[in-house]
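Below is one structure, written out as structure tokens; comments come after it.
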Number of protein chains: 2
Amino acid sequence: MQVQNQEEKENKDLLSGSKLTIADIAEELGVSKTTVSRAISGKGRIGKDTVQRVIECIEKYNYKPSSIAKGLANSKTYNIGVAFPADANLSSTPFFQVCLLGVCEVAAAMDYDVVVTTVKETDINLLKRIVDHNKVDGMILTRNFTNDIATEYLKQKGIPFVLVGSSEDDTVVQVDNNHREACEKLVSLLLADGVGRIALIAGDKKHIVNRSRCEGYYNALKNRGVDIEQDMVFSDCDSPVFIEQAVRYLLKKQTECIVCTDDVICAKVLSLLREEGYSVPGDMKVASFYDSVHLETNNPPVTAIGIDVEELGNVAGKRLIEIINGDISTHKTILDYEIHLRRSTQ
Amino acid sequence: MQVQNQEEKENKDLLSGSKLTIADIAEELGVSKTTVSRAISGKGRIGKDTVQRVIECIEKYNYKPSSIAKGLANSKTYNIGVAFPADANLSSTPFFQVCLLGVCEVAAAMDYDVVVTTVKETDINLLKRIVDHNKVDGMILTRNFTNDIATEYLKQKGIPFVLVGSSEDDTVVQVDNNHREACEKLVSLLLADGVGRIALIAGDKKHIVNRSRCEGYYNALKNRGVDIEQDMVFSDCDSPVFIEQAVRYLLKKQTECIVCTDDVICAKVLSLLREEGYSVPGDMKVASFYDSVHLETNNPPVTAIGIDVEELGNVAGKRLIEIINGDISTHKTILDYEIHLRRSTQ
DNA sequence: CTGAAAGCGCTTACAG
DNA sequence: CTGAAAGCGCTTACAG
């Protein structure tokens, strides 16, 4: 008899319509909702054995508190937002995807969920939407432009947010790698190795990250007392057409090595060189940033700055939730990078 | 005086602490909350001019209803979930990223937001998390295995969900391209063009989508009366190492054309052929699926089945919200594909 | 240590 | 056409 009874109840949560509430648990246990709530949250004075009983009951019936109701009561959503660039050439870089993964992981571990929204350089309506409707307790931005309107908006709103990337604005909490330093070291290493005539093909300069990498390149040359030849630096060189022009020009200029500010550019450069019958590193050395699997498994393996994008998402999520919880957070977190010297520059 | 007063109020929504509620609007207008609610939702009888006044007031103060409170009252969350594979070689394919983008767009347009979660082939705890905690009104799955535990779980829960992909289970709502047919047509076209000795390099067979593509390949050969040579078909050939073995073997076998079931495989194949000094299409023809930008801008451009992944996300999102709203939905939506015959097979 | 009651910001049946 | 009141499922100050 007792067994049957138990089975019946255990089936309760399997029935689609009948979601269990805190009241059901309270009733079952013959205590008040207050008590159940306290046992779950651990807040307020409450008897040890009572907690035990409540916990057991909750597990028995597989009760899950409604986080939406909890949110209403606390004026919180237990959601964090992640803004995904809808205008980037997303289709070619997995950066945002992997970063999002990192955020999801850490969020779940801290009992938060992740709401995604998209932003464009000149259109942040969808971002405003989730913020204005109170769908999230905070936001993560995954890139930064000069004069970034998303950053501006969130600052003005006063909502907690974290930037994956760098900003000159000290008031925004940032998580990033030191791209300037990384590029500087990479180029310095190449120079020290005797590689000369190093060119740079860089992406959109409106992205802070590309600026930083360029800076690093210039610094390395300066520090080594190498003359900077402006025509060996291609900025805003994102499209396949521009990259092709750049490569053709550089081939004529007796360039010895091309440093690319990201893997998408690098993939195109490698592809062009092969088409034209130039060998890497024999005829041209190549190095890149970010180090997607693609570069590592390339033949020859490509020298690159490796950054842990998932970790970037992890830390950004953690920082944001800290801020939401009122903990003070470091204003800028710099994560490590690795320089992988591989055959493409040897 | 009046102007100043107005400015003061307009500032209200800028102040961080003081979120406007429906009560504020009601008070301001001297009506009841009921009336304001009705004016916004358009439900129930209500005076035209009253609606007008309410709308104006709402806009003036930039009032945004809290969707979390709305959700509690309606037992809805106004969120849909998207499950992101955390174990896929995400870093190499932008498929999920672009699909997610498509879902986000359509969701926002239908006043829903998107919560992401990750799933692994053998671990759907994070999926369970958002479902059990009532964070979403429905789910979108972005891939399907044979014996998919995520599908199984959602079915058993009875929560609305849509699969981007195909399933033999007629009770699940599906959005997909006809991969079998697409592959069949592609291979048939090649055969009709006089291309012979067509090999296939296919990814993980546990993915339904890879099975379908393989089927299409076999069908095309059968229909044309071409003998199928089993050693020209490589299944479960996902890793760079396996792909390399396959390509080397096929080169010895006088293969004329390699069809790849996805772009990641294709990129690796192209790269290998170049390294070994084989020219495409001269020494070997190559065709692929999905048609990322990478293939189109390749030199030579690569023949491929083009599918609109963003559209896939769009339709999946729309279908899901329809189901949530109680509209009956078609059980299977088949989207178009395009066959791009390009130089790599000519 | 425990509970009754008010409140979070909406919606909606019921009564006018 | 409009409003008072109850309710969605939680939390928490207040009282015991």
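Sequence lines set the chain letters: A, B, ... in the order given, protein chains first and strands last, and positions in each chain run from 1. Computed over heavy atoms, backbone and side chain alike; hydrogens, waters and symmetry mates excluded.
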At under 4.0 Å between heavy atoms, what does [X] touch on the DNA or RNA strands: base, sugar-phosphate, or nothing?
| X | value |
| --- | --- |
| A:Ser41 | nothing |
| B:Ser37 | base |
| A:Ser67 | nothing |
| A:Lys33 | base |

Are there over 12 heavy-atom neighbours, none belonging to A:Lys332, within less than 6.0 Å of that residue's NZ? yes
Give a yes or no answer on whether the side chain of A:Thr118 reaches the backbone of A:Phe84 with a donor-acceptor pair at less than 3.5 Å. no
Closest-nucleotide mapping onto DNA chain C: is A:Ala69 or A:Lys48 further toward the 5' terminus? I mean the 5' end. A:Lys48
Nearest nucleotide by nearest heavy atom, which residue falls closer to the 5' end of DNA chain C, A:Ile46 or B:Asn74? A:Ile46
In whole angstroms, how far is the [atom2] atom of [N] from the [atom1] atom of [X]?
| X | N | atom1 | atom2 | value |
| --- | --- | --- | --- | --- |
| B:Ile40 | C:dG9 | CD1 | P | 14 Å |
| A:Asp24 | D:dC8 | CG | C1' | 13 Å |
| A:Arg38 | C:dA4 | CZ | C1' | 11 Å |

Would you say [X] reaches [N]'s phosphate, i.e. side-chain N/O to OP1/OP2 under 4.0 Å?
| X | N | answer |
| --- | --- | --- |
| B:Tyr63 | C:dC10 | yes |
| A:Ser32 | C:dA4 | no |
| A:Thr50 | C:dT2 | yes |
| A:Lys70 | D:dG9 | no |

More 5' along DNA chain D: B:Val31 or B:Ser75, using each one's nearest nucleotide? B:Val31
Would you state whether a donor and an acceptor, one from the side chain of B:Thr34 and one from the base of C:dT12, lie under 3.5 Å apart? yes
Which nucleotide, if any, forms a Watson-Crick or G-U wobble pair with C:dC1, using both distances under 3.5 Å? D:dG16
